[in-house]
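Down below is the structure, laid out as structure tokens.
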Amino acid sequence: RSGTTIGATVAAVADGSADAVVSAGATGASVTAAVVGLGRWPEVRQPALVATVPGITGPVTLLDVGGSLESRPALLARHAVLGAAYAAIVHRIDRPRVGLLSVGTEPGKGDQIRRATDPILATQPLPCGARYVGLVEGYDVTSGARADVIVTDGFTGNVLLKGIEGAYALAGGPPTNGGAPRAAVLLGVAGTVVVCHGAAGAADVASGIAFAAHLHRRNAVPAIAAVLYGDAGDRNERAEGDRNDNEYVDDLRNRSLVKDDRNKGVKGVRNRSVKGDRSKSDMGDRSEPGRKLMTDPEVAVGPATEGGTA
């Protein structure tokens, strides 16, 4: 809808007044606004929310964690491409290992969609020298021993992510090498968009800001686009596929993903910066919330509210 805070925030990024969007509002509204206002990358029908899980052996990239509830083999295969590029650029992992989440590691395990996706990923070229390692299980997400990137649909990924958070809480906290993920980047749109957890507090939103600033300073989103599409990916213009944006928004509404975002979402903040990046990981440092998170990027940010899913 016109006149919403999330729409104004995305517009600020689109016109160069801000460098990134940070939203703790309804995920469906945030995704839709980013798709319509920034445009999608070529060949990306539905952008994915990408989270980082602090695995025992290192960071694990998990996607999708709620960008879309749809599950199709072609969509999961595209997520694998996005995730491989993300792990290589953001986490600087050489030749990332990509796995497909299922109920077992033996060939043929899983539902019809997983069984159809497995052979596609086995033959599909992946960027940055990434290689497909086959089916993985839930414990591989927090281990990191078998895969650096784990691909699943948005429904399963979102449930898994929140289950991991609950397990960390029962165990007294996450591994010492990183905190539980409370923000995810929307990959597949022509701009930096970070979506915080729907139950995010002040420290979590501050961490989301630090994460967005980190991505911006590293030029991560344009770098990933350049890996996937060459020089054409590194540009500030609406991506191919926007001709289907209205159809995409209708699909979201039909699945009740777009909620009323009155008093939710994010507000554009312009001409404001906070000095000094204290981020110590790709998800930001939660030990110093709200202070000295950025040097120069102008990040559009607003209050945390219920309704987000990342």
Side-chain angles (χ1 to χ4, degrees), residues 6 9 13 18-27 30 34 49-55 58-63 65-67 86-87 89-92 141-142 157-158 161-162 164-169 172-187 191-218 220-221 264-269 272-310:
I6 181 61
T9 304
V13 172
D19 295 311
V21 172
V22 178
S23 171
T27 300
S30 300
L49 278 173
V50 183
T52 297
V53 177
V60 176
T61 298
L62 176 65
L63 74 163
V65 296
Y86 181 87
I89 297 296
V90 175
H91 296 309
R92 299 180 178 177
V141 177
T142 52
N158 188 270
L161 193 64
K162 291 175 180 176
I164 291 172
E165 291 176 350
Y168 283 157
T176 57
N177 63 334
R182 304 288 283 185
V185 59
L186 183 66
L187 206 57
T192 300
V193 178
V194 170
V195 179
C196 295
H197 196 293
D204 298 317
V205 175
S207 178
I209 296 171
F211 180 37
H214 173 80
L215 293 172
H216 171 71
R217 280 195 294 272
R218 186 172 285 187
V221 173
K264 293 185 178 182
V266 296
K267 297 178 180 179
V269 178
R272 179 180 298 179
S273 62
V274 185
K275 297 180 180 179
D277 182 10
R278 298 291 181 88
S279 172
K280 296 182 181 178
S281 72
D282 288 314
M283 296 304 294
D285 182 9
R286 305 186 201 289
S287 64
E288 299 184 20
R291 294 188 179 183
K292 298 182 180 180
L293 297 176
M294 297 176 291
T295 52
D296 57 350
E298 300 174 16
V299 180
V301 64
T305 62
E306 294 296 327
T309 60

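Just so it is clear, the values below take in all heavy atoms, side chains as well, and ignore hydrogens, waters and symmetry mates.
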Heavy-atom pair with the smallest gap, counting every atom of Ala220 and Val90 = CB-CG2, 4.0 Å

Do Val193 and Ser23 touch side chain to side chain, with heavy atoms closer than 4.5 Å?
-> no

Which pair of non-hydrogen atoms, one from Val205 and one from Ala24, has the smallest distance, and what is that distance?
-> CG2-CB, 4.5 Å

Phe211 side, atom CZ; Asp204 side, atom CG - distance, nearest 0.5 Å = 13.5 Å

Test Thr192 against Val13 for side-chain contact (heavy atoms from CB on, under 4.5 Å), laying out the working first.
-> CA-CA 8 Å; Thr192 300; Val13 172; over 6 Å; no

Rounded to the nearest 0.5 Å, what's the gap from CG on Asp19 to CG on Leu215? Could you check?
-> 12.0 Å

What one should report as the nearest heavy-atom pair of Val221 and Gly191 is CG1-O, 3.8 Å

Side-chain contact, heavy-atom cut-off 4.5 Å: Val53 with Leu161?
-> yes

Where do Val21 and Ile6 land on the side-chain contact (heavy atoms from CB on, under 4.5 Å) test, with the steps shown first?
-> CA-CA 9 Å; Val21 172; Ile6 181 61; 4.2 Å; yes

Of all the heavy-atom pairs spanning Gly67 and Leu49, show the shortest one and how long it is.
-> N-CD1, 3.6 Å

In short, Ile89 meets Arg218 closest at the heavy-atom pair O-NH1, 3.6 Å

Nearest 0.5 Å, what's the CG-CG distance between Leu63 and Leu186?
-> 11.0 Å

Nearest heavy atoms of Ala212 and Val22, plus distance in Å | CB-CG2, 3.7 Å

